[in-house]
Trainee: 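Have a look at this one before I ask anything.
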Amino acid sequence: MRLEQRISVFPDAREVGRRLAARVADAIRNQPAIVLGLPTGRTPLLFYEELAALARSGAVDFSRVTTFNLDEFLGLTPEHPSSYRRFMQRYLFDHVNIDPARINFLNGAAADAAAEADRYEHAIAAAGGIDLVILGIGTNGHIGFNEPSSGLEARTHRVTLQPETRRSNAPLFGDDLDAVPLEALSMGMGTILDARAAVLLATGARKASCVERLVTGPITTGLPASFLQLHRDVEIMLDEAAAQRIRS
Ligand code: PGA
């Protein structure tokens with residue numbers, strides 16, 4: 001099916017969060033031991049809020065769910081207040097009955113980044129692979145921290161963050177751009193595309209241009225998200241603002 005046919009547009013970001021939370025809750029009910037791939041960033045906040053509300057109401061049970069987050073800043077310990085690990089704890093894990101042993105994360109402070117990336121790939125394989133990955137998209141078209149480039153890497157690896165990506169993440173560091181790490185660890189394109197199903201979320205007018213390129217443009221390493229066009233089970237969930245350039 002063409003990507004255009006797999007797009008849902010909702011009136012606003014709250015509704016995107018609500019619909020995705022309902023979809024993930026259904027997936028967990030159908031497959032209680034599901035393996036999820038999870039994103040960070042501003043976009044998924046409403047999704048996590050809605051999912052936490054469903055968990056609190058007893059509508060979803062995380063006790064057998066396994067999670068793998070997409071990426072982490074290099075050099076930050078899991079306890080660092082600006083780490084993605086802390087972000088997830090604050091916005092999702094503290095609010096659901098997930099078993100801490102089933103939370104998987106790249107350790108940004110690992111002494112050997114390449115060994116840490118290998119460990120993560122093995123952990124994903126040992127868990128049976130990712131059933132459903134939820135993705136945000138950077139304004140530059142990245143997914144995970146796979147930045148636009150003349151070449152993309154398949155497996156989990158160390159990445160250099162682009163200035164645009166560091167600027168987008170500055171709010172996590174008290175708006176101090178200098179405090180945003182220069183590098184990160186990220187699942188690779190193959191790691192992401194191996195997920196059995198994928199949902200990409202984009203909200204707000206600042207995503208309209210990369211969404212347009214994702215949907216109408218060619219598959220190119222210059223827009224890593226465009227590789228989702230090759231995935232057999234992908235859904236794109238947008239609000240009106242992010243969809244404005246593909247609806248005219
Ligand atoms: P954002 O980040 O949700 O903060 O816009 C998205 C991403 O970089 O994947």
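Side chains are part of it too, since the values below use all heavy atoms of this structure and drop only hydrogens, waters and symmetry mates. Start at 1 and go down the list; that is how both ligands and their atoms are numbered.
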Trainee: Please identify each residue that fulfils side chain to side chain donor-acceptor pair (under 3.5 Å) with Asp99, with sequence neighbours left out.
Mentor: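 Once residues adjacent in sequence are excluded, Asp99 has no partner under the side chain to side chain donor-acceptor pair (under 3.5 Å) criterion.
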Trainee: Within a radius of less than 6.0 Å around CZ of Arg90, do more than 12 heavy atoms belonging to other residues, nucleotides or ligands occur?
Mentor: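 No, the 6.0 Å shell around CZ holds no more than 12 heavy atoms from other groups.
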Trainee: If we count only N and O atoms by modelled type, under 3.5 Å, do the side chains of Gln89 and Arg85 hold a donor and an acceptor together?
Mentor: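 The criterion, which ignores hydrogens and geometry beyond distance, is satisfied for Arg85 and Gln89.
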Trainee: Would you please write out the protein residues whose heavy atoms approach any atom of ligand 1 to under 4.0 angstrom, listed by chain and number?
Mentor: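 Near ligand 1, by chain and number: Gly41, Arg42, Thr43, Gly136, Ile137, Gly138, His142, Arg206, Lys207.
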Trainee: Once the angle between the rings of Phe87 and Tyr91 is folded into 0 to 90°, is it parallel (under 30°), tilted (30 to 60°) or perpendicular (over 60°)?
Mentor: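 Tilted: the ring planes of Phe87 and Tyr91 meet at 30° to 60°.
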Trainee: Can you give the donor-acceptor pairs under 3.5 Å from side chains of residues 199-215 to other protein atoms, not counting sequence neighbours?
Mentor:
from: Lys207; atom 1: NZ; to: Ile137; atom 2: O; distance (Å): 3.0
from: Glu212; atom 1: OE1; to: Arg245; atom 2: NH1; distance (Å): 3.1

Trainee: Taking only distance into account, with no hydrogens and no angle test, what donor-acceptor pairs under 3.5 Å do side-chain atoms of residues 109-125 form with protein atoms, sequence neighbours excluded?
Mentor:
from: Asp112; atom 1: OD1; to: Ala114; atom 2: N; distance (Å): 3.1
from: Asp112; atom 1: OD1; to: Ala115; atom 2: N; distance (Å): 3.1
from: Glu116; atom 1: OE1; to: Arg119; atom 2: NE; distance (Å): 2.9
from: Glu116; atom 1: OE2; to: Asn107; atom 2: N; distance (Å): 2.7
from: Glu116; atom 1: OE2; to: Arg119; atom 2: NE; distance (Å): 3.4
from: Glu116; atom 1: OE2; to: Arg119; atom 2: NH2; distance (Å): 2.7
from: Arg119; atom 1: NH2; to: Phe105; atom 2: O; distance (Å): 2.9
from: Tyr120; atom 1: OH; to: Asn69; atom 2: N; distance (Å): 3.0
from: Tyr120; atom 1: OH; to: Asn69; atom 2: O; distance (Å): 2.6
from: Tyr120; atom 1: OH; to: Asn104; atom 2: O; distance (Å): 3.2
from: Glu121; atom 1: OE1; to: Arg155; atom 2: NE; distance (Å): 3.2
from: Glu121; atom 1: OE1; to: Arg155; atom 2: NH2; distance (Å): 3.4
from: Glu121; atom 1: OE2; to: Thr156; atom 2: N; distance (Å): 2.8
from: Glu121; atom 1: OE2; to: Thr156; atom 2: OG1; distance (Å): 2.6
from: Glu121; atom 1: OE2; to: Thr191; atom 2: OG1; distance (Å): 2.7
from: His122; atom 1: ND1; to: Asp118; atom 2: O; distance (Å): 3.0

